[in-house]
Amino acid sequence: MNISIFGTGYVGLVSGACLAEVGHNVVCIDVDPIKIEKLQTGILPIWEPGLEALVERNVMEGRLHFTTDAAHAVQHGQVQFIAVGTPSDEDGSADLQYVLAVAESIARTMQDYKVIVNKSTVPVGTADKAKARVAQVLAERGVPMAFDVVSNPEFLKEGAAVNDFLKPDRIIIGINASANSESARDLMRELYEPFNRNHERSIFMDVRSAELTKYAANAMLATKISFMNEMANLAERLGADIEEVRKGIGADPRIGYHSIYPGCGYGGSCFPKDVKALVHTAKQVGYNAQLLQAVEAINVTQKTTLFSKLAAHFGGEAQLGGKTIAVWGLAFKPNTDDMREAPSRTLMEALWQSGAIVQAYDPAAMEEAERIYGKQAGLTLCGDKYAALQGADALVICTEWQQFRVPDFAEMATPSSTPNGVSY
Ligand SMILES: NC(=O)c1ccc[n+]([C@@H]2O[C@H](COP(=O)([O-])OP(=O)(O)OC[C@H]3O[C@@H](n4cnc5c(N)ncnc54)[C@H](O)[C@@H]3O)[C@@H](O)[C@H]2O)c1
């Protein structure tokens, strides 16, 4: 099938490469010319395990193309995916300007029936808005044309995105009944057929339910994390070991072991903004989402926990001035270079505020850190994890990368690495 994907970020690029891998002809389009230029020369804008080889192979075999030409992309695909960002607005709502801009640009040049598939995470009702926008532009053009807007939220996890896309737990497809909805349904079935060979993974539903399913999934996962962080804070004060508690509750199959690790708070481009957006959506329909607000509030506090512990260790915040703090892990989770809303950022920014110096290392996010904090005084980005310990007074591990799990403690303890003696 011919497919076009608007937005070549984490979701768009991974979706494009994976759909090409199973045999579709994919055009990925982005408004960022630098991103597209780099992709055309084989340079990926993101770090994601397995993605580079997949992109390279499918470009070489002629199934994957990159462009900034929206009209070309609209002409190419029977199916037009929208995979652009939906960042938080100031009031926590999802900013839909990019999604609606894509809907509009599809409508401006489409010449035949299109299935417009929204993959971005969007509040319930967005497909209706996109549909109205497309209809309005078509009316302005004076070319009444059939089209459908389908909701197909994405559930890939950064760090395991290729595998998640190729072997999805489920494929949620929201389609409302319309004159052509049978065609839309058939096209979506055909599109995802290669992913359903082992067993049927597609779950068809109405559009609003599909839109809410994505938020409900992220809100549930965020809830588990905040719950566990609350338990960890309690355990610490009660003299219990949260690791033992985790094993004890995870053994109950109704609870399970997934997403119940306590830590320094969730980050990334999804959980924080999606929980906020769902709270906002709830408000709009007159519902006070108390649990979700608590999940968000716990997380905001949890992201300051490492800093509080460090300050307490050194005898108060004022004592942090002039201290050198090594930070291992800058990405919001392992196997990604994504630092959006990463707990490491909350920590480092608080440290700089207190006059501390940060020496940081991350296996994948160094370029991203340079992009965000390149001009920041009080930050040294180090070439490896041990170099970050040179002269450090303390080490904080912010991301659970495998390579931080079994460090060489002898090397860490050598006086040349840590003349001041690292505090653990
Ligand atoms: N990152 C994830 O792990 C993940 C997982 C599931 C769902 N999502 C959702 O998917 C959506 C995209 O997320 P992302 O992380 O891929 O975003 P991203 O910021 O990495 O990429 C978005 C891309 O869209 C491009 N863009 C903006 N306007 C455009 C336009 N008019 N035409 C073409 N391209 C345009 C941007 O230049 C950018 O490259 C969001 O709604 C997000 O919540 C993300």
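Residue numbers start at 1 and run along the sequence shown. In this text the structure is predicted, and so the values were computed from the model without any measurement. Both ligands and their constituent atoms are indexed starting at 1 by order of listing.
Residue V11 has at least one nitrogen or oxygen atom sitting less than 3.5 Å from a nitrogen or oxygen atom of ligand 1, judged on distance alone. When only interatomic distances are considered, the shortest N/O to N/O separation between E154 and ligand 1 does not fall below 3.5 Å. Geometrically, ligand 1 and K119 share no nitrogen or oxygen pair separated by less than 3.5 Å. Residue contacts with ligand 1: K214 is placed with no nitrogen or oxygen under 3.5 Å of a nitrogen or oxygen of the ligand (distance criterion only). Ligand 1 has a nitrogen or oxygen under 3.5 angstrom from a nitrogen or oxygen of D30. Between Y98 and ligand 1, no N or O atom pair is found at a separation short of 3.5 Å. Not a single N or O atom of D274, backbone or side chain, sits closer than 3.5 Å to an N or O atom of ligand 1.
Take Q302 and apply the side chain to side chain contact (heavy atoms under 4.5 Å, CB included) test, not counting sequence neighbours, and it matches N229, N233, T305.
Salt bridge annotation for D274-K276: absent, with no cationic side-chain nitrogen under 4.0 angstrom from a carboxylate oxygen.
Remark: side-chain polar atoms of D362 are paired, donor with acceptor, to backbone N or O of A331 under 3.5 angstrom. Judged purely by atom type and a 3.5 angstrom limit, S354 has no side-chain atom pairing as donor or acceptor with the backbone of A356. A donor-acceptor contact shorter than 3.5 Å is absent between the side chain of T336 and the backbone of K333. In terms of modelled atom types and a separation under 3.5 Å, the side chain of E230 and the main chain of I298 share no donor-acceptor contact.
For P153, no heavy-atom contact with ligand 1 is shorter than 4.0 Å. Proximity of E104 to ligand 1, defined as any heavy-atom pair under 4.0 Å, is not found for any part of the residue. When non-hydrogen atoms are compared, ligand 1 lies under 4.0 Å from the backbone of L156 as well as from its side chain.
Residue M145 places its CE atom among more than 12 non-hydrogen atoms of other residues, nucleotides or ligands, all under 6.0 Å distant. Counting non-hydrogen atoms of other residues, nucleotides and ligands closer than 6.0 Å to CD1 of I34 gives a total of 12 or fewer. Shown here is Q293, whose CD atom has more than 12 heavy atoms of other residues, nucleotides or ligands within 6.0 Å. Counted within 6.0 Å of CD on Q290, heavy atoms from surrounding residues, nucleotides or ligands total 12 or fewer; the atom is thus considered open.
Near K273, with a cut-off below 4.0 Å to any heavy atom, the atoms of ligand 1 are 42 (C), 43 (O). Atoms of ligand 1 lying under 4.0 Å from at least one heavy atom of S269, given by number and element, are 1 (N). Every atom of ligand 1 with a heavy atom of K35 under 4.0 Å away is listed here by number and element: 38 (C), 39 (O). Less than 4.0 angstrom separates some heavy atom of I29 from each of these atoms of ligand 1: 33 (C), 34 (N).
If you take CD on E296 and OG on S226, they are separated by 8.5 Å, rounding to the nearest 0.5 Å. Atom CD1 of I106 sits about 4.5 Å away from atom CD1 of I116, to the nearest 0.5 Å.
The cationic group of R201 does not satisfy the cation-pi geometry with Y192, failing either the under 6.0 Å distance to the six-membered ring centre or the 45° limit from the ring axis.
Of the protein's non-hydrogen atoms, T86 OG1, 2.6 Å is the one closest to atom 41 (O) of ligand 1. Protein heavy atom closest to atom 12 (C) of ligand 1, with residue, atom name and distance, is V84 O, 3.4 Å. In terms of protein heavy-atom proximity, atom 22 (C) of ligand 1 is closest to G85 N, 3.7 Å. Scanning all protein heavy atoms for the shortest distance to atom 1 (N) of ligand 1 gives E158 OE2, 2.7 Å. In terms of protein heavy atoms, atom 31 (N) of ligand 1 is closest to V102 CG2, 3.5 Å. Distance from atom 32 (N) of ligand 1 to its nearest protein heavy atom, with residue and atom name: V31 CG1, 3.5 Å. Of the protein's heavy atoms, G7 CA, 3.4 Å lies nearest to atom 24 (O) of ligand 1. Protein heavy atom at the shortest distance from atom 21 (O) of ligand 1 is G9 CA, 3.2 Å.
For the ligand labelled ligand 1, residue K157 lies outside the 4.0 Å heavy-atom shell. Contact analysis puts R340 in contact with ligand 1, with a non-hydrogen atom separation below 4.0 angstrom.
Looking at heavy atoms from C-beta onward, L389 lies out of side-chain contact with K385 at the 4.5 angstrom threshold.
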